[in-house]
There are 2 protein chains.
Amino acid sequence: MTKPAPLSLDQLQVLLSVAEAGSFAGAARRLNRATSAVSYAVDTLESQLGIALFDRGTTRRAKLSTAGEAVVAEAKSVAYSAQMLRARVKGLREGLETEVSVVVDAMFPSERLVEALKNFHVRFPTVPLRLKLEALGEIERSLRSGTAVIGIGGSVHMKSEGLRSIQLAGVQLVPVAAPGHPLAPGGRAKPGAPREHLQLILTEQSATDRRDFGVVSVNVWRLGDLASKHALLLAGIGWGGMPEPMVRADVDAGRLVRLQMPDWRGGVYPLQVAHKNDSPPGPAGQWLIECLIAQDDALARF
Amino acid sequence: MTKPAPLSLDQLQVLLSVAEAGSFAGAARRLNRATSAVSYAVDTLESQLGIALFDRGTTRRAKLSTAGEAVVAEAKSVAYSAQMLRARVKGLREGLETEVSVVVDAMFPSERLVEALKNFHVRFPTVPLRLKLEALGEIERSLRSGTAVIGIGGSVHMKSEGLRSIQLAGVQLVPVAAPGHPLAPGGRAKPGAPREHLQLILTEQSATDRRDFGVVSVNVWRLGDLASKHALLLAGIGWGGMPEPMVRADVDAGRLVRLQMPDWRGGVYPLQVAHKNDSPPGPAGQWLIECLIAQDDALARF
DNA sequence: CAAGCTTGTTCAGAATTTTAGATATGACGA
DNA sequence: TCGTCATATCTAAAATTCTGAACAAGCTTG
């Protein structure tokens with residue numbers, strides 16, 4: 001027998017008003033109701049909960065009991081989530097989407113992402129976000145399959161049919177290795193011969209579309225995600241290209257060193273933000289895209 | 001004009017039932033109500049929110065709209081906090097206190113505290129906890145002033161009038177310093193002469209009751225909290241006694257070394273758990289105390 | 001210390017909301 | 001095409017909640 005007691009939001013709202021106003025009559029005025037209605041609501045609430053919320057013994061003033069204080073605290077939490085519901089519904093009524101799902105290339109600098117998402121949450125507190133970090137072609141795939149509505153990734157991997165994409169500032173790719181590595185400045189390898197050393201490159205699992213980005217060496221390890229590549233580089237295993245913002249701290253701290261490679265043509269990893277043409281993002285998603293572009297412009301100013 | 005629309009918990013509950021059952025009729029059966037009542041509740045909810053929760057266009061089946069899905073998610077959150085309120089009230093009805101406030105001596109091993117509090121939260125999920133970390137006499141003071149109901153601290157500092165206290169296993173106090181320190185084994189100081197080196201000791205701000213615990217040196221710094229002492233020791237400034245569990249990791253990692261001191265008589269810092277006689281803790285607090293004691297017994301078994 | 005004001009409770013009737021049950025209608029499957 | 005199942009709609013009845021007034025018990029003020 002599920003009998004969760006017929007609590008009502010209104011009762012809780014009345015309780016909160018009384019607690020805030022400090023008196024039944026005050027709450028009644030604030031709620032535009034008769035005092036007796038307030039009294040009645042509190043009464044039924046008390047009997048439904050089975051505990052006294054107010055100290056009625058001595059004085060006639062509305063003084064919360066200790067139990068009452070506790071219930072008020074809980075009631076606030078209930079009222080808050082109800083308020084969230086209303087806010088969310090308000091957004092939906094105004095055409096906001098129910099959620100925004102984003103796939104991001106692991107190359108995309110996380111500070112820029114975090115910054116954009118922070119703004120997004122301020123602007124659209126009621127719209128939940130779904131975030132996936134993927135690499136290379138997986139971004140386009142998520143976009144096409146509808147798993148995500150917005151994709152941020154390398155433009156090489158976006159065939160444009162059916163997708164609308166906007167260019168963003170790319171990230172600088174720099175060749176790095178651990179300080180002890182032979183290719184490192186001051187290392188014992190002669191310059192111009194990086195081909196002979198183990199290169200770590202990013203690839204993807206899927207059999208199709210296996211072109212790689214910036215392969216120089218013969219001796220190559222293919223890694224499925226950028227974090228693993230990062231970890232191996234830090235451990236001193238091989239060398240490889242990394243997005244500059246991601247290794248800046250490591251280079252500054254001396255955990256990695258930037259390699260001098262004349263024949264390195266990795267240059268800039270181009271980035272763009274894209275969405276499907278036939279299911280464009282709603283207002284919130286649109287806003288997020290524009291936020292990323294604006295961020296881009298601001299960066300370009302330096 | 002605050003007009004938050006007269007949502008009711010019951011409406012949301014009905015919505016959740018429908019979403020779960022997959023049909024109005026099914027939800028009606030589950031709720032022991034007529035189908036028309038369910039239909040009515042959903043109808044009014046939809047009109048109050050101003051959006052369609054179900055796709056009624058083509059088929060007659062109860063299919064949530066995308067907006068409906070979003071609202072269901074929010075409704076779940078509201079229902080959850082309402083459930084929390086009910087659970088809390090149930091506890092209060094059974095005599096649970098509205099919260100348990102604890103002051104703990106900084107010397108008390110944090111693993112033991114965390115362990116006990118974890119169990120506490122499993123056993124009493126609805127009872128909020130208020131925790132303060134203090135040192136020495138401040139514990140007794142909090143207890144007496146009523147700021148906290150349960151105190152865990154060194155027994156030297158508990159004058160027993162009006163307080164009921166139970167002995168716990170104490171913590172071993174060991175003299176430590178950074179590896180480079182002259183007193184360290186292999187250091188250049190001759191043993192038996194620690195008095196000449198800077199000792200860090202714990203003390204308290206208050207002018208009254210300024211006795212210190214285990215003072216050996218002449219050259220002394222008095223610190224207000226154990227964390228600062230810990231930090232200074234790690235930084236290689238002075239030596240001092242520390243609770244063994246708190247520096248075990250540091251000693252194992254070589255960041256601190258244990259000093260050999262024949263005339264060190266700090267030994268064991270005794271601990272006890274106490275509460276005021278005239279306002280004993282409620283069932284939850286009582287349980288926490290017993291949990292600490294039981295933990296003690298379990299430790300003694302090794 | 002008593003009058004005057006405010007506050008909380010109680011009660012009866014009224015207004016509102018919610019329910020059950022019957023009926024209509026669309027969707028689905030045999 | 002028919003029978004079954006599910007939802008929407010309607011009406012009357014049932015339940016809940018509101019108001020307004022009467023009353024009792026502080027608190028304030030003169």
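Naming: A, B, ... by sequence-line order, numbering from 1 per chain.
In this structure, CG of A/Asp43 is placed 10 Å from C1' of C/dG8, rounded to the nearest angstrom. Between the CG atom of B/Leu7 and the P atom of C/dT18 there is a distance of 12 Å, given to the nearest Å. If you measure from atom CD of A/Gln11 to atom P of D/dT16, you get 12 Å, rounded to the nearest angstrom. Remark: C1' of D/dA6 and NZ of B/Lys63 are 16 Å apart, rounded to the nearest angstrom. As rounded to whole Å, 12 Å separates atom C1' of D/dT16 from atom CG of B/Asp10. For the pair A/Gln13 CD and D/dC18 P, the computed distance is 13 Å after rounding to whole Å. Summarising the geometry, the separation between CG on A/Leu31 and C1' on D/dC18 is reported as 13 Å, rounded to the nearest angstrom. In this structure, the CZ atom of B/Phe54 is 18 Å from the C1' atom of C/dG26, given to the nearest Å.
At the heavy-atom level, A/Tyr40 lies under 4.0 Å from base atoms of the strands shown.
The pair B/Arg112-B/Glu115 does not meet the salt-bridge criterion, since no charged nitrogen lies less than 4.0 angstrom from a carboxylate oxygen.
No more than 12 heavy atoms of other residues, nucleotides or ligands shown are found within 6.0 angstrom of NZ on A/Lys63.
Each ring-ring contact (aromatic ring centres under 6.0 Å, His included) pair with one or both residues in residues 28-55 of chain A, not counting sequence neighbours, appears once here: A/Phe24-A/Phe54. Applying the salt bridge (Lys or Arg N to Asp or Glu O under 4.0 Å) definition to pairs two or more places apart or across chains, none involves residues 278-290 of chain B.
Take A/Ser17 and apply the side chain to side chain donor-acceptor pair (under 3.5 Å) test, not counting sequence neighbours, and it matches no residue. For A/Arg93, there are no salt bridge (Lys or Arg N to Asp or Glu O under 4.0 Å) partners, not counting sequence neighbours. Applying the side chain to side chain donor-acceptor pair (under 3.5 Å) test to A/Lys118 and every residue at least two apart in sequence or in another chain returns nothing. Residues forming a salt bridge (Lys or Arg N to Asp or Glu O under 4.0 Å) with B/Lys76 (at least two apart in sequence, or on another chain): none. Scanning for salt bridge (Lys or Arg N to Asp or Glu O under 4.0 Å) contacts around A/Glu69 gives an empty result, with sequence neighbours left out. Checked against salt bridge (Lys or Arg N to Asp or Glu O under 4.0 Å), B/Glu20 has the following partners two or more places apart in sequence or in another chain: B/Arg30. Looking at residues two or more places apart in sequence or on another chain, you find no side chain to side chain donor-acceptor pair (under 3.5 Å) involving B/Glu97.
Between D/dT7 and B/Thr35, no contact under 4.0 Å exists linking OP1 or OP2 to a side-chain N or O. For the OP1/OP2 pair of D/dA8 and a distance below 4.0 Å, the side-chain nitrogens and oxygens of B/Arg56 include at least one atom meeting the criterion.
Nearest to the side chain of B/Arg33, among C/dT19, D/dT7, C/dT10, sits C/dT19.
One axis for each end of the helix from C/dC1-D/dG30 to C/dA30-D/dT1, each built from five base pairs, and the angle between them comes to 30° at 10° resolution.
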Can you tabulate the close N/O pairs, meaning under 3.5 Å, that link protein atoms to atoms of nucleotides 20-22 of chain D?
{"from": "D/dG20", "atom 1": "O6", "to": "A/Ser36", "atom 2": "OG", "distance (Å)": "2.9"}

Heteroatom pairs (N/O) under 3.5 angstrom, protein to nucleotides 12-14 of chain D:
none

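Aromatic ring pairs are classed by plane angle as parallel below 30°, tilted from 30° to 60° and perpendicular above 60°; the pair B/Trp287 and B/Phe120 is tilted.
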